[in-house]
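Some notes on the structure that comes next.
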Amino acid sequence: MTTNISYSYYNPVETIFGVHAFKKILPTIQKYVQNNHILIVSDENLLNILGIHENLHTLLKANGYTADFFEKPGKYSSISIIDRGAERVRKHQYGLIIGIGGGSAMDTAKCMAILGRNNGSINDYLKEGKSLEKTGVPLILVPTTAGTGSEVTRWATVWDLGDFFKKFSLSDPKMFAKASIIDPTLLLKLPPKMSAMTGLDALSQAIEAYWSKNHNPVSDEFALKSIEIILENITKMFHNPSDLSYRTQMALGSMFSGLAFSNTKTTAVHSVSYPMTLHFNIPHGLACALTLGEFIKFNALETPNNTLEAPQRLQTIINLFKTKTAKEAALKLTTMMKEMALETKLSQFNIDENGIEKIIAEGFTPDRVKHNPRLVTEEALREILHNIK
């Protein structure tokens, strides 16, 4: 038995999980708020769709708080939106920020919270190397999708939709939320197809956390449990979207996924997904799922440019798919995607040879692809993309 194991695991987010957990929002606010002025960041019109806008406003007012609302337009946590939001936070000196929504809303809230007490544009930190010196405004995150895990990570995805037209990440230990409230009832109005895509994002995150070079025994436990739960429940949830038991399991699987990759980061699958989303409008979770099966096959091979442990770890993943080989696991994933009415080929998004080359040119995000257990070359990625053409 190996005795020289050394690792670290860190996650400071208080996590409140369960059906109707959102009812605990007031005592959570009271625990972390620094003054009575609160900002709620959400996806546009989401709080009305969920039916909680007025109730939340009334609850806060009745307990002596003033509430402002910042509704993020569109589907991206973009630089322009974040800079605008950060200026608002600086101006009003909020004592707490609550981010409610999908990954982009929570990422926007994270950036607004940290920049609210650090000067300058987010560009200064993304592209100029400026350090985040001050702790941000206290932050509570409430996910309304079961997929991104953003509520328990320190990273925020930021999209430059201007000159660079590129995906960036802002990361700092000071960006962890104080608390996350995960309530499966908030997922019930999420359409089945979108639920499937966000669930596949969580599945990809968990699988990548398990095979990542950065994995450790704690992240492994969260990753394996996440994979098991999601594979068991995702298609059932798709066919029974109003069944709270499946929604609860998917929320749990997503949370475990976030707790896993919060310490490992994602790998090549996510790296390749970014240009697919940015240039071809493929939703993030689906963009990950498109290559996930191919990377399972790729990382399962014993080759000189793969880590010694990767094939064995991939076999563990293959077993969780209840298959015997990597090829069978990849096929099962494709079958699941088709069952949930999702695309499985690049051609379904009109991605031709030029599109494949664009993905290859921009798909090597260093801070992601370097964590893949097997070396990914341009030639290897080209073959992977042609396999799903």
Side-chain angles (χ1 to χ4, degrees), residues 75 102-103 145-149 187 190-211 223 226-241 243 246-247 249-251 253-254 257 261 266-277 279-300 314 317-351 355-356 359 363 381 383-389:
K75 58 185 179 180
T145 65
T148 69
L187 309 178
L190 191 67
K193 190 170 182 178
M194 188 177 297
S195 301
M197 290 188 287
T198 58
L200 288 170
D201 184 19
L203 178 65
S204 183
Q205 290 166 173
I207 289 175
E208 291 178 80
Y210 188 69
W211 73 38
S226 174
I227 297 167
E228 178 185 0
I229 290 172
I230 294 171
L231 288 176
E232 178 65 28
N233 290 279
I234 189 168
T235 56
K236 295 174 183 176
M237 177 274 302
F238 177 81
H239 293 298
N240 304 277
D243 190 316
Y246 296 134
R247 294 289 191 177
Q249 288 301 304
M250 289 301 295
S254 176
S257 172
F261 91 95
T266 50
T267 65
V269 174
H270 267 67
S271 182
V272 174
S273 77
Y274 301 137
M276 295 168 70
T277 295
H279 295 293
F280 303 103
N281 206 31
I282 304 176
H284 172 64
L286 179 55
C288 292
L290 283 169
T291 64
L292 181 59
E294 290 298 315
F295 273 107
I296 289 174
K297 293 189 290 183
F298 180 80
N299 287 333
L314 265 292
I317 293 169
I318 291 163
N319 293 342
L320 288 173
F321 273 87
K322 298 180 179 179
T323 55
K324 294 182 179 180
T325 67
K327 185 176 180 180
E328 289 175 356
L331 179 60
K332 185 167 183 178
L333 177 61
T334 299
T335 301
M336 288 168 52
M337 292 170 66
K338 289 180 178 178
E339 184 180 342
M340 295 185 290
L342 298 176
E343 296 84 354
T344 60
K345 297 290 185 181
L346 298 179
S347 58
Q348 292 172 281
F349 297 95
N350 298 314
I351 298 176
I356 287 176
I359 294 169
L381 180 54
E383 181 177 350
I384 285 171
L385 295 174
H386 274 275
N387 286 343
I388 57 170
K389 185 181 176 183

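Atom set for the values below is all heavy atoms of this structure, side chains included, hydrogens, waters and symmetry mates excluded.
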Taking the side chain as every heavy atom from C-beta outward, state whether [X] and [Y] have any atom pair closer than 4.5 Å.
| X | Y | result |
| --- | --- | --- |
| Leu203 | Ile234 | no |
| Pro192 | Met340 | no |
| Phe321 | Ile207 | yes |
| Thr198 | Met250 | no |
| Val272 | Leu290 | no |
| Ile282 | Ile351 | yes |
| Lys236 | Asp243 | no |
| Ile384 | Lys297 | no |

Would you name the heavy atoms of [X] and [Y] that are closest together and state the gap between them?
| X | Y | answer |
| --- | --- | --- |
| Thr277 | Pro283 | OG1-C, 4.1 Å |
| Ser195 | Met237 | CB-SD, 3.5 Å |
| Cys288 | Val269 | O-CG1, 3.3 Å |
| Ala196 | Phe238 | CB-CD1, 4.2 Å |
| Ala330 | Gly293 | CB-O, 3.5 Å |
| Phe280 | Gly355 | CZ-CA, 3.6 Å |

Point-to-point distance, once rounded to the nearest 0.5 Å, from [atom1] of [X] to [atom2] of [Y]:
| X | Y | atom1 | atom2 | value |
| --- | --- | --- | --- | --- |
| Thr267 | Phe261 | OG1 | CZ | 11.5 Å |
| Met276 | Ile359 | CE | CD1 | 5.0 Å |
| Ile317 | Asn299 | CD1 | CG | 8.0 Å |
| Glu228 | Lys322 | CD | NZ | 8.0 Å |
| Thr325 | Ile318 | OG1 | CD1 | 6.5 Å |
| Glu343 | Leu286 | CD | CG | 5.5 Å |

Where the side chain of [X] meets the backbone of [Y], is there a donor-acceptor pair that is under 3.5 Å apart?
| X | Y | value |
| --- | --- | --- |
| Thr291 | Glu294 | no |
| Ser254 | Ala251 | no |
| Ser257 | Ser226 | no |

Partner set under side chain to side chain donor-acceptor pair (under 3.5 Å) for Ser204, not counting sequence neighbours
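Side chain to side chain donor-acceptor pair (under 3.5 Å) check on Ser204 returns Glu208.
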Look at the rings of Tyr274 and His284 and say which category their plane angle falls in: under 30° parallel, 30 to 60° tilted, over 60° perpendicular.
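Geometry flag for His284 against Tyr274: parallel rings.
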Do other residues, nucleotides or ligands put more than 12 heavy atoms under 6.0 Å from the CD atom of Glu339?
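Yes - once you tally the heavy atoms of other residues, nucleotides and ligands closer than 6.0 Å, there are more than 12.
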Does Leu342 form a side-chain contact (heavy atoms from CB on, under 4.5 Å) with Leu200? I'd like the steps, not just the answer.
CA-CA 11 Å; Leu342 298 176; Leu200 288 170; 3.5 Å; yes
Would you please test Asn281 and Phe349 for side-chain contact (heavy atoms from CB on, under 4.5 Å) and show each step?
CA-CA 8 Å; Asn281 206 31; Phe349 297 95; over 6 Å; no
